[in-house]
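Input: a single structure, listed below in structure tokens.
Chain A is the first sequence line, chain B the second, and so forth, proteins listed ahead of strands; every chain is numbered from 1.
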There are 2 protein chains.
Amino acid sequence: MKKDKESISKLSEFYKVFGDTTRLHILYTLLQKEMCVGDLSKLLNISQSAISHQLKILRLYSLVRYEKKGQCVFYSITDEHVKKILEDGFLHMSEL
Amino acid sequence: MKKDKESISKLSEFYKVFGDTTRLHILYTLLQKEMCVGDLSKLLNISQSAISHQLKILRLYSLVRYEKKGQCVFYSITDEHVKKILEDGFLHMSEL
DNA sequence: CCTTTCTATGAATAATTGTTCATATATTCA
DNA sequence: TGAATATATGAACAATTATTCATAGAAAGG
């Protein structure tokens with residue numbers, strides 16, 4: 001695995017995505033079940049706009065996917081690999 | 001594993017530490033061999049002060065340890081667990 | 001249609017974080 | 001002891017990132 005400037009920069013971006021409480025809250029909530037934007041907003045007590053902006057970033061990094069059902073847009077964790085990353089996070093931390 | 005506000009906040013802090021190119025560069029450099037502040041500064045072409053400030057954060061999170069030898073302070077990765085986290089990072093990313 | 005509801009988004013603002021600059025402390029060596 | 005070298009650190013400044021605010025678009029229901 002190369003550890004040049006380029007890939008270290010990529011890796012730091014990757015970590016940065018997880019390094020925000022709003023995004024982590026969204027991710028761990030979606031780990032339980034898929035949810036639409038408004039529900040996330042109410043549940044986490046964060047404005048709809050803020051949620052939407054952060055979901056955009058999570059989408060950009062392919063951490064969540066979405067499906068439109070009527071007026072609602074349901075978001076969910078992309079796949080098992082992302083779920084694993086999320087579960088590993090707590091393990092790593094608790095070992096430090 | 002509890003996923004309350006408190007622990008999600010802790011976890012995001014943990015990720016945040018890795019979410020900076022300077023700190024990652026330092027960490028991956030120290031993964032090769034222990035090094036003193038000045039050498040890191042020269043090698044990475046980052047001011048001594050910036051390196052020192054970032055090392056302080058890495059120390060705070062127990063990711064590095066240091067040993068004073070004369071005027072120099074040699075830094076190294078704390079332990080195998082931290083090394084594992086660093087190596088896992090690239091794997092996770094490459095699978096996304 | 002018109003209104004309501006849900007979501008997305010650009011721009012402005014607020015908050016956070018990183019770097020630089022100036023300087024202090026400690027150690028070595030002449 | 002005095003000068004040089006290595007590191008740390010507080011404060012100011014710069015840069016980045018998140019949130020809010022205002023608003024637009026899309027779908028559903030009356």
Side-chain angles (χ1 to χ4, degrees), chain A residues 5 8-30 33-78, chain B residues 5 8-30 33-78:
Chain A
K5 250 182 173 164
I8 284 183
S9 174
K10 279 274 174 218
L11 184 56
S12 82
E13 273 186 51
F14 164 78
Y15 278 123
K16 228 174 271 187
V17 178
F18 294 91
D20 173 83
T21 48
T22 300
R23 285 192 291 269
L24 273 194
H25 267 118
I26 293 173
L27 288 170
Y28 283 104
T29 301
L30 295 179
K33 66 162 184 285
E34 68 167 16
M35 230 178 238
C36 65
V37 182
D39 291 346
L40 281 167
S41 173
K42 273 175 238 147
L43 182 67
L44 303 180
N45 200 31
I46 297 170
S47 78
Q48 177 269 318
S49 179
I51 294 283
S52 212
H53 278 295
Q54 297 310 327
L55 281 170
K56 186 178 190 175
I57 294 173
L58 296 176
R59 247 157 43 213
L60 189 66
Y61 284 87
S62 306
L63 298 176
V64 297
R65 53 196 178 72
Y66 61 99
E67 193 183 343
K68 196 156 192 179
K69 289 180 186 168
Q71 302 162 283
C72 299
V73 179
F74 281 83
Y75 280 85
S76 54
I77 302 294
T78 298
Chain B
K5 249 182 174 166
I8 284 182
S9 173
K10 279 275 173 216
L11 184 57
S12 82
E13 273 185 51
F14 163 79
Y15 278 123
K16 228 173 272 187
V17 177
F18 293 92
D20 173 82
T21 48
T22 301
R23 285 191 291 268
L24 274 193
H25 268 117
I26 293 174
L27 288 170
Y28 283 103
T29 302
L30 295 180
K33 66 162 184 284
E34 68 166 16
M35 230 179 238
C36 65
V37 182
D39 290 347
L40 282 167
S41 172
K42 273 174 237 151
L43 182 67
L44 304 178
N45 201 30
I46 297 171
S47 77
Q48 177 268 317
S49 179
I51 295 282
S52 211
H53 278 294
Q54 297 310 328
L55 281 171
K56 186 178 190 173
I57 294 174
L58 296 176
R59 246 156 45 212
L60 188 67
Y61 285 85
S62 305
L63 299 176
V64 297
R65 53 195 178 72
Y66 61 99
E67 193 183 344
K68 197 156 191 178
K69 288 180 187 167
Q71 302 162 284
C72 299
V73 179
F74 281 84
Y75 280 85
S76 55
I77 302 295
T78 298

Check your understanding: What's the CG-C1' distance between A:Leu55 and D:dT17, to the nearest Å?
Key -> 17 Å

Practice item. Using whole Å, report how far CD1 of B:Ile51 lies from P of C:dG18. Key: 13 Å

Check your understanding: Can you check the B:Lys42 NZ to D:dT5 C1' distance for me, whole Å?
Key -> 10 Å

Review point. What string of B, S and - do you get for nucleotides 24-30 of chain C 5' to 3' if you count protein non-hydrogen atoms under 4.0 Å?
Key: --SBS--

**Study point:** Atom-to-atom span, CG of B:Leu44 to P of C:dT19 - whole angstrom
**Key:** 11 Å

Revision key, fill the gap. Correct closest heavy-atom pair for A:Arg65 and A:Thr78 would be NE-O, 3.2 Å

Practice item. Give the rounded distance in Å between these two atoms: CG of B:Leu60 and C1' of D:dA8. Key: 15 Å

Check your understanding: How many angstroms lie between CD1 in B:Ile51 and NE2 in B:His53, if you round to the nearest 0.5 Å?
Key -> 11.5 Å

Check your understanding: Base, backbone or nothing for each nucleotide of nucleotides 18-23 of chain D, written B, S, -, heavy atoms under 4.0 angstrom, 5' to 3'?
Key -> SSBB--

**Study point:** Rounded distance [0.5 Å steps], CG in A:Leu55 versus CG in A:Leu40
**Key:** 6.0 Å

Practice item. With sequence neighbours excluded, tell me which residues meet side chain to side chain contact (heavy atoms under 4.5 Å, CB included) with B:Gln71. Key: none

Point to revise | Phosphate OP1/OP2 of D:dT9 contacted by B:Arg59 side-chain N/O (<4.0 Å) | key: yes

Exercise for review: With sequence neighbours excluded, tell me which residues meet side-chain hydrogen bond (donor to acceptor under 3.5 Å, both in side chains) with B:Arg59.
Suggested key: B:Tyr75

**Study point:** Length of the line joining B:Phe74:CZ and D:dT5:P, which is rounded to integer Å
**Key:** 17 Å

Check your understanding: How long is the line joining CD of A:Glu67 and C1' of C:dC6, in whole Å?
Key -> 16 Å

Review point. In degrees, rounded to 10°, what is the bend between the two ends of the helix from C:dC1-D:dG30 to C:dA30-D:dT1, using five pairs at each?
Key: 10°

Practice item. Please work out if A:Tyr75 contacts a base, only the sugar-phosphate, or nothing of the nucleic acid, heavy-atom cut-off 4.0 Å. Key: sugar-phosphate

**Study point:** Approximate separation, where rounding is to 0.5 Å, of A:Ile46 CD1 and A:Gln54 CD
**Key:** 8.5 Å

Point to revise | Approximate separation, where rounding is to 0.5 Å, of A:Gln48 CD and A:Asp39 CG | key: 12.0 Å

Check your understanding: A:Phe18 CZ to D:dT17 C1': how many Å, rounded?
Key -> 17 Å

**Study point:** Partner residues of A:Lys69 under the side chain to side chain contact (heavy atoms under 4.5 Å, CB included) criterion, sequence neighbours left out
**Key:** A:Glu34, A:Glu67, A:Phe74

Point to revise | Stepwise side chain to side chain contact (heavy atoms under 4.5 Å, CB included) check, B:Phe18 with B:Leu63 | key: CA-CA 10 Å; B:Phe18 293 92; B:Leu63 299 176; 3.9 Å; yes

Exercise for review: Starting at NZ of A:Lys16, measure out to CG of B:Asp20 and round the result to the nearest 0.5 Å.
Suggested key: 6.5 Å

Review point. Rounded to the nearest 0.5 Å, what separation is found between the CG atom of B:Leu44 and the NZ atom of A:Lys5?
Key: 8.5 Å

